[in-house]
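Shown next, in structure tokens, is the structure this report addresses.
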Amino acid sequence: MTDHSTGEFVTPISTAPKAAGMFRQMRTEVEAALETALDGLDLPSDDLGIEEPPEDVAAVLASSVAYRLASDVGAPPPAVATDLADELDSDDLEYVDAVETQGPYVNFLPSEAYFAGTLEAAQSEDFGTLEDRETSVVIEHTSANPTGPVHVGRARNPIIGDALARVLEYAGYDVDPHYYVNDAGRQIAVFTWAYETFDESDLPDPERDSPEYEMVRYYRTGNDILEDADPDRVAAAEDEVQSILEGLEAGDEATYERVNEVVDTVLSGMSATLERLPAEFDEFVKETHFMRDGSTDDLVARLTELDEAVYEDDAWQLDLPDFEKNLVFLRSDGTSLYTTRDLAHHEWKFANYDRAVTVLGEDHKLQAEQLTATLDLLDNDTSQLSQVFYSWVDLPEGGMSTREGTGVDLDDLLDEAIDRARQEVKDRLDDRTRDDDITDDDIERIAHQVGIGAVRYDIVSKQPTKGITFEWERALDFEAQSAPYVQYVHARCCGILDEARGSPATDDLDVALLDTDAERGLLRAIARFPAVIEQSADELRPHVVATYTRTLAERFNVFYRECPVLDADAETRRARLALVDAARHTVANALDAVGVAAPASM
RNA sequence: GGGCGUGUGGCCUAGUGGACCAGGGUGAGGGGUUCCUAACCCCUAGAUCGCGGGUUCGAAUCCCGCCGCGCCCGCCA
């Protein structure tokens, strides 16, 4: 669902089953009870002031509504809170044990049913998966021009995009990740010309034995020529580039085949790199598709009919009301532009999906706003479209560029991450207290999970709008707030459960056995997980899940220190094993939601 | 010049109106393993939340102005 005033996803009133979380159920219950109580006192109930109290408060939920009501009622906030608490009857509430006041706050304390329900729900492998929203979402991300190796400067896009796709999937959406391939722009025409013009023997050796590294040599050489060569040579090259662009526009099959060979070759190498993250796509949608099927022509025809359409300097443009610059949609030579084709692309998305989400670099912001405004003029429901922007990863010395060959290749970063993780595993082998067998295969597996996980986590855990300056040491720090910290918790859970194989079943438990602060704290963290998924999906902010994994891991580590599992008496042991299993599912799924592997051992 | 974004201890970061005069991490100093993996845990020191006004019972959070940094303002993508 979408709030049409903000364009943001909003959640329908919950009718959630237990698997979707006690926290959400309790919140729904508290909201309803508060509303009834306020109505009963003849007070406005439009703002319930529900919030999560700080850590040292026993309540799971609280309301600060008494502050706002104080002037209406003519009494100080604590007195209003007391009246409200008297009006609320916790006997009617399943997940609320008691309603208490603390100064101006009305606090809702969790019941045994809350903890029992959490323990039971998190036994399920799919804990955190929300109810099906029966809504299809196309998430477009990465969409980097197929001109060369994927570098770290654009690595934020596949990592955020893939995490977002995963979070939306958990949140009950039917998600298709797409990569939109620019195979019709000027850069690709230049590339095609360069590929057909230069002889491989004149090019430097490729940095890697992979198609995109081999191909980018042509692209870079071509751009060098266009910048520096003598005017006659440049003019001849420009003629060829122009004829390729016009051939594509005219739907010429031979031109399309020539371009396609370059595009598909480079793309195959790029997608192999992206799969390492992993970031995978249901579809690679090509720009030329929307030229070949006539939809771009159709769109141009409709654009020229708009009141905002103007024909200036031999080019068709749109005088958009809220923008300083006109949007040119047809060049004076009759060819279309990126945005023109992207408009057709978006109408295609609208026709095939309920929602569209695009992950874009901040440099595309103006273009994206003009795109939305234009789609609106063409009578599309643009509330279906959400855009998530991120800022570039720069090097200390500046930005990264494929054309100029400046920057760190993502392949190199991942290789280095794996190498360092492997070294770390080996270094730790000697002082291992656990007497399990670590094979060479295990070392390799752990090195990959930890190395790549650390890179992903470092990026996904930060707000996308904040700038990042890439530094090797920081990106590959396994000690800091990082993937390994959370992954280690998963490995610990697996270690305990592994030792306990063959123990009595963990169903039909009395949650009262788990009554220490450490156990309750862990259960409370677990209970929130589905609500975290929901919030992350509603706000399209995967980093909130990453932040959550850290809190969850901290709670587990407290439990791990305070509460022996295997050596506890039989009933406590059984209950704690259930809790460890619940924690394992929660950590595993939370990591999965941001695309970080959960190692069974480390 | 205009628009958008961003500014939180030395460094990185959470929190974007309410119990937080700010929570983590890292770096610095100290401590913990006969016990389920120490990639862990605990303690100490370190912050006028860029600066100045304003709104509010209440501001890191909202508004206005200023400053630094990033991005954009192409018949490129």
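First the proteins, then the strands, lettered A, B, ... as listed; each starts at 1.
Residue contacts shown for A:Ile468 are absent, as no nucleic acid heavy atom lies under 4.0 Å away. Using a 4.0 Å heavy-atom distance criterion, A:Cys493 is classed as making no nucleic acid contact. A:Ser601 comes within contact range of at least one nucleobase, with a heavy-atom separation under 4.0 Å. A:Val425 comes within contact range of at least one nucleobase, with a heavy-atom separation under 4.0 Å. Within 4.0 Å of A:Tyr560, counting heavy atoms only, lies at least one base atom of the nucleic acid. Contact annotation for A:Val450: base contact, defined as any heavy-atom pair under 4.0 Å involving a base atom. Among the protein residues, A:His364 comes within range of the nucleic acid bases, having at least one heavy atom under 4.0 Å from a base atom. Contact annotation for A:Ala62: base contact, defined as any heavy-atom pair under 4.0 Å involving a base atom.
Salt-bridge formation is detected for the pair A:Glu424/A:Arg428: a Lys NZ or Arg NE/NH1/NH2 atom is positioned less than 4.0 Å from an Asp or Glu carboxylate oxygen. Ion pair A:Lys462/A:Asp458 flagged as a salt bridge, since at least one NZ, NE, NH1 or NH2 atom sits closer than 4.0 Å to an Asp/Glu carboxylate oxygen. A salt bridge is defined here as a Lys NZ or Arg NE, NH1 or NH2 lying under 4.0 Å from an Asp or Glu carboxylate O, and A:Glu52 with A:Arg524 fails to meet this definition.
Side chain of A:His543, nearest nucleotide from B:A39, B:C20, B:G15: B:G15. Considering only side-chain atoms of A:Lys462, the nucleotide from B:A39, B:U13, B:C36 that sits closest is B:U13. Residue A:Ser332 has its side chain nearest to B:C75 when only B:C35, B:G24, B:C75 are considered. Each of B:C11, B:A19, B:C40 was ranked by its minimum atom distance to the side chain of A:Arg474; first place goes to B:C11. For A:Arg331, counting side-chain heavy atoms from C-beta on, the closest listed nucleotide (B:A39, B:C72, B:C76) is B:C76. Comparing B:G24, B:C36, B:A77 by their closest approach to the side chain of A:Gln367 singles out B:A77.
Comparing the P positions of B:G3 and B:C64 gives an interatomic distance of 11 Å, to the nearest angstrom. As rounded to the nearest Å, B:U8 and B:G2 have P atoms that lie 25 Å from one another. Nucleotides B:G23 and B:A14 have their P atoms positioned 16 Å apart, rounded to a whole Å. A gap of 11 Å separates the C1' atoms of B:G15 and B:G24, to the nearest Å.
At a cut-off of 3.5 angstrom, the base of B:C71 holds no donor-acceptor pair with the side chain of A:Ser391. Contact annotation: side chain of A:Gln481 to base of B:G24, donor-acceptor pair present below 3.5 Å. Side-chain N/O atoms of A:Asn107 and base N/O atoms of B:A19 include a donor-acceptor pair closer than 3.5 Å.
Note on ring orientation: taking the six-membered ring where Trp is involved, the planes of A:Tyr179 and A:Phe284 are tilted (angle from 30° to 60°). Using the six-membered ring where Trp is involved, A:Tyr560 and A:Phe556 have ring planes that are tilted, between 30° and 60° apart.
Each of A:Val259, A:Val263, A:Asp183, A:Val262 was compared with A:Phe191 under the side chain to side chain contact (heavy atoms under 4.5 Å, CB included) criterion, and only A:Val262 meets it.
A 3.5 Å limit on both hydrogen-bonding distances identifies B:A28 as the Watson-Crick or G-U partner of B:U44.
Toward the 5' end of RNA chain B, the nearer of the two residues A:Tyr338 and A:Asp394, judged by each one's closest nucleotide, is A:Asp394. For A:Glu51 and A:Ala553, each mapped to the nucleotide of RNA chain B holding its nearest heavy atom, the one lying further toward the 5' end belongs to A:Glu51.
If you take NZ of A:Lys365 and P of B:G70, they are 17 Å apart, rounded to a whole angstrom. Distance CG (A:Asn557) to P (B:C36): 15 Å, rounded to an integer number of Å.
The phosphate of B:U13 (OP1 or OP2) has no side-chain N or O of A:Tyr457 nearer than 4.0 angstrom. Residue A:Gln463 has a polar side-chain atom (N or O) positioned under 4.0 Å from OP1 or OP2 of B:A14. OP1 and OP2 of B:C41 both lie 4.0 Å or more from every side-chain N or O belonging to A:Arg561. Distances shorter than 4.0 Å separate some side-chain N or O of A:Lys466 from OP1 or OP2 on B:A14.
Stacking of A:Arg528 on the aromatic ring of A:Tyr548 is not recorded, the 6.0 Å distance cut-off and the 45° axial limit not both being met.
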